Amino acid sequence: MLVEVVGEPPLILDMGTGLRALGHHLNVPLIAAGRPLRGNALLTHLHYDHVLGTPFFPPMRDPGALLDIFGPAQGDNSLQTTMASMVKPPFFPVHMADFRGELNYHDLGTDDEFTIGGIAIKARTIPHIGSTLGFRIEADDVVVAYMPNSVMGRTS
Ligand SMILES: [Zn+2]
């Protein structure tokens with residue numbers, strides 16, 4: 001999912017399997033302009049359906065691409081270490097550190113509030129299985145709340 005704010009880099013919401021198609025969409029104007037991606041992503045939690053697109057994100061094949069990823073802290077391990085453990089042999093042909101583009105991780109606490117350019121973001125803990133955040137995203141007097149669902153004890 002993508003939040004577009006005029007004058008701001010793309011803000012990606014979670015990095016599931018739809019990330020591959022989103023990457024191709026984002027790459028069209030970038031390739032035409034000869035520029036690498038500069039973008040940001042908010043991760044609610046690290047269940048596979050929310051992160052599995054990460055190694056298949058086409059803009060990360062470009063040297064100079066930079067994606068800042070904000071997600072829930074993972075106890076004793078950093079978000080970067082935890083994500084890197086998913087992208088390595090034998091699960092994937094290369095390590096995440098071998099991508100030409102750079103992934104820059106930011107560990108979030110349970111009530112962090114921060115800005116990305118002109119976008120104000122509040123993170124809050126959401127009832128789910130494992131460390132999970134929901135986000136309030138505000139820009140240009142528009143507010144979007146984004147959080148994983150939890151229905152009748154079933155979660156995704
Ligand atoms: Zn989940």
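Start at 1 and go down the list; that is how both ligands and their atoms are numbered. Worth saying up front: this structure is predicted, and the values here are computed from it rather than measured.
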Is H50 close enough to the Zn ion (ligand 1) to have an N, O or S atom under 2.8 Å? no
Would you name the heavy atoms of L43 and D14 that are closest together and state the gap between them? CA-OD1, 3.3 Å
Judged by atom type as modelled, is there a donor-acceptor pair below 3.5 Å linking the side chain of T115 to the main-chain atoms of G118? no
Can you give me the NE2-the Zn ion (ligand 1)-NE2 angle for H45 and H128, to 10°? 90°
For the pair R38 and E8, find out whether any cationic side-chain nitrogen is under 4.0 Å from an anionic carboxylate oxygen. no
Could you pull out the atom name of the N/O/S atom in H47 that is nearest the Zn ion (ligand 1)? ND1
Does T132 reach the main-chain N or O of H128 with its side chain, forming a donor-acceptor pair under 3.5 Å? no
